[in-house]
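What follows is a single structure, written as structure tokens, with notes after it.
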Amino acid sequence: MKLPDSYYQSNDVVALARDLIGKYLFTNLDGQLTGGYIVETEAYAGIIDKASHAYGDRRTPRTQTMYMQGGVAYVYLCYGIHEMLNIVTSVEDQPHAVLIRAVDPTIGLDVMRYRRNMAVIKPTITSGPGSVAKALGISRKINAISLQSDVLWLEDRGLSFADEEVATVPRVGVDYAKEDALLPYRFYVKGNKYVSKPNR
DNA sequence: GATCGGATTGACT
DNA sequence: GTCAATCCGATCA
């Protein structure tokens with residue numbers, strides 16, 4: 001059921017970001033199962049990508065997770081407020097990762113609603129990287145955890161989207177990366193209500 | 001030891 | 001549409 005470690009070893013992080021659209025993401029924390037299928041991703045392509053934390057081969061305590069062999073989670077804190085989930089890919093010492101920006105929730109809706117402090121379920125529950133992590137209970141405590149674990153993992157349940165159903169556009173919030181900010185490394189399911197803001 | 005600012009969100013005008 | 005929140009990683013001294 002779980003995507004095998006070999007799936008994450010690809011050295012083409014952009015192709016993998018595209019392939020992750022439609023894959024299911026689950027967490028099992030405190031006995032609570034939550035998950036859904038991925039509808040929005042962004043690729044961060046190693047040491048030559050100015051938008052990546054690992055640009056210029058920056059090995060630091062934070063980025064060392066990205067240098068691990070593909071198949072682990074990279075979780076970090078952004079703006080002092082939001083935790084973000086990335087899927088580390090490629091081989092050891094190649095710091096490639098895919099940011100999970102949105103999920104279409106299918107399991108554990110009430111648990112997610114509680115974690116998000118929402119009275120009723122709205123599309124914003126898992127829309128945007130900070131929201132996905134919060135709804136699924138993901139924090140830095142599980143940084144570097146294996147995706148073969150029983151805490152956090154991905155599955156292929158046979159769902160897939162044709163190329164014409166998936167938009168390929170520049171990434172969000174990376175203006176500081178100058179020309180690399182224009183790279184078409186963001187993928188999302190057209191028209192899906194859980195996709196974060198610019199979705200047309 | 002000090003300073004800068006971010007792979008964002010949500011509340012408010 | 002604007003803007004505050006809020007922490008710590010990265011960088012420089």
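Sequence lines set the chain letters: A, B, ... in the order given, protein chains first and strands last, and positions in each chain run from 1. These values consider heavy atoms only, across backbone and side chains, with no hydrogens, waters or symmetry-generated copies.
- Using modelled atom types, one finds a donor on one side chain and an acceptor on the other under 3.5 Å when comparing A/Thr65 with A/Asn143.
- DNA chain C forms stems at B:1-6 with C:7-12, B:8-12 with C:1-5, each a run of 3 or more consecutive Watson-Crick or G-U wobble pairs whose two key distances fall under 3.5 Å.
- Within 4.0 Å (heavy atoms only), A/Arg101 reaches sugar-phosphate atoms of the nucleic acid but no base atom.
- Figure legend: cation-pi geometry between A/Arg62 and A/Tyr76, with NZ or CZ positioned under 6.0 Å from the six-membered ring centre and within 45° of its axis.
- Judged by distance alone, the side chains of A/Arg58 and A/Thr63 never bring a donor and an acceptor atom under 3.5 Å apart.
- Heavy-atom contacts from other residues, nucleotides or ligands closer than 6.0 Å to OH of A/Tyr114 number 12 or fewer.
- In the 5' to 3' direction, nucleotides of DNA chain B lying under 4.0 Å from heavy atoms of chain A begin and end at B/dG6 to B/dG10.
- Between the side chains of A/Tyr74 and A/His53, a donor-acceptor pair is found at a separation under 3.5 Å.
- When every heavy atom of A/Ala73 is checked against every heavy atom of A/Ile142, the shortest pair comes out as CB-O, 4.3 Å.
- Residues of residues 41-59 of chain A that place a heavy atom closer than 4.0 Å to DNA chain B, in numerical order, are A/Tyr44, A/Ala51, A/His53.
- With A/Tyr185 as the aromatic partner, A/Arg171 does not meet the cation-pi criteria of under 6.0 angstrom to the ring centre and within 45 degrees of the ring axis.
- Between the CG atom of A/Leu77 and the P atom of C/dA10 there is a distance of 12 Å, given to the nearest Å.
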